[in-house]
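Just so you know, ligand 1 is whichever comes first in the structure, and atom 1 is the first atom listed for that ligand.
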Amino acid sequence: MAIRTGKQYIDGLRDSRQVFVNGVRVEDVTTYPAFRRPIEAIARLYDLKHDPSLQRQLTYLSPTTGNLCDICYLLPQRKEDIVKKREAYKIFAKENYGAMGRSPEFMNAFAAGLSASKKWFGRAGKTYETNVQKYYEYVRENDLFLTHALGTPQTDRSKPSHQQKEEFLHLGIKEETSEGVIIRGAKQLSTNAPFTDELLIFPNGRQFTNGDEKYCVAFAVPVSSPGLKLLCRETLVPNDKRNLFDHPLSSRFEEIDAMVVCEDVFVPWNRVFFYKNLELANTSREATEITSHCQHQSAVRAVVKAGLAVAIAKKITDSVKTDIYPQVGEKIGNIIAMMKATESLLFAAEQTAIKVEDSHWKPNQEYLSSYSILFPKFDTQIADLIRSIGAAGLMLTPTIDDFLGEAGEIFDHYFAGAAMDGISRVQIAKLAWDFIGDSNAQRVQHYERFHSGEPMFLAAGFGKTANVSEWLEMTEQLLEEGRSEFKKFTEEASEVH
Ligand SMILES: Cc1cc2nc3c(=O)[nH]c(=O)nc-3n(C[C@H](O)[C@H](O)[C@H](O)COP(=O)(O)OP(=O)(O)OC[C@H]3O[C@@H](n4cnc5c(N)ncnc54)[C@H](O)[C@@H]3O)c2cc1C
């Protein structure tokens, strides 16, 4: 197999997966009204790889089979490959205007990070290194769509996993056999799980404690595995009836989130990446290269999203000519600055990319950590600035039916902007509201804040690990100058006495 088409991707979702929404089991996710259009949006990304004008940018030749593969799986062999991947990520992200955080690129980059880190997994035994590499090759050659679930459910955060009120509220190993392990319990949460082919279970890098060993496991299973249940949150866009005028983003890009429950799911040994290993579970986030590859993709998508924000802000002010006021101009300038700052961190991560053990390249994690700490704050500020710029205009948003209805002309007349008709002005306002105010937009803002992990833990971890030795040395020199002066004064004072 090589790169799949959108149709092949959709056909692959018609299996025995157990997905529950609003109290019912979804028979076929591809036709379920709330899922159909997001799945089609993802399918378009698969079709892009078959577009002759884009194929060279979006694919590469597999080193093992010669198949055409999605470039997001590429383990960069040259520094330029990282730039090439960025350009591809951007093409994919622009297809959904940066509105889908968990389109296939994210986890394809995760898979590349897995392969890049295979030796680290091998610390628990050569077999795990092989499992990781073989799994990476399997998903790459079959062009599969993955999701992951890392965190434990918020049952009782004051206690470790083994002290929760039941043994398998948190996902863990219930049993092991000669063929594999039996998994029971839940992980919270997994975005787009019902739309994917494969689920990866990993720890989220928080500290497991002694006694938690059975919860310290990493593995991959097909989403259709017997015993695997996906318990979805309420859908925010209930059906596929929204039109692109009224809801240009939420009508097609809602990403569903689901709790993952394993009721004795069997995982063969060749799909286990580590097992009952406290040390690997607690260090997998910092010690592997997975995060740098994922966050590289994630930063590109953030730039595309921030670019849309810039354009929305400009179009709103242009539509009613508030752009003549410097106070409004300042707000737009701030949005652009945040977009450019995000882009700069991305470029810096590429510019200072690191060659790993004479083997492959990885983007510089320090700049990507900075991105992941700062962008959630930028995103909140950007939404607030658009709200402030749009003011009541964001509420006066009649629908397509109003313009086509019996009072259509009146709507068009009174909703008109400075140099545009009512329909055009309302279209901009509706886009802005779909971007910051609609319930799907609220979910995306929540996603931006948490998807990389709890922001407090991210910043606290970065505070400990970031390399700031140059500045510590410089400051040490400054302090040393003061100490010398102090010593001199002390000596002079003792001479006087
Ligand atoms: C929209 C969305 C999509 C997501 N998609 C995915 C996905 O696809 N895959 C995936 O694996 N994860 C996903 N996540 C989960 C995400 O990684 C977590 O939300 C994030 O790691 C924070 O963990 P938590 O939600 O369990 O919060 P918690 O850890 O429960 O934290 C809740 C609050 O309590 C505080 N707190 C908790 N523990 C401590 C402590 N020990 N010390 C001090 N304060 C503490 C936190 O600071 C926070 O304020 C998603 C989250 C969201 C919101």
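Because its NZ or CZ atom is not both nearer than 6.0 Å to the ring centre of Y46 and within 45° of the ring axis, K7 does not count as a cation-pi partner of that residue. For the pair R4 and Y9, the cation does not sit on the ring face, since its NZ or CZ is not both under 6.0 Å from the ring centre and inside 45° of the axis.
Looking only at atom types and distance, the side chain of D257 has a donor-acceptor partner in the side chain of T191 under 3.5 Å away. Between the side chains of S161 and T152, no donor-acceptor pair of N or O atoms lies under 3.5 Å.
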Run T291 and Q295 through side-chain hydrogen bond (donor to acceptor under 3.5 Å, both in side chains) and show every step you take. CA-CA 6 Å; T291 308; Q295 287 184 342; 5.7 Å; no
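The contact shell of ligand 1, taken as protein residues with any non-hydrogen atom closer than 4.0 angstrom, comprises R102, H148, A149, L150, Q154, R157, Q188, L189, S190, T191, R206, D257, R443, H446, Y447, F450, G453, E454, M456, F457.
Note: F202 and F110 meet the aromatic proximity criterion, with ring centroids under 6.0 Å apart.
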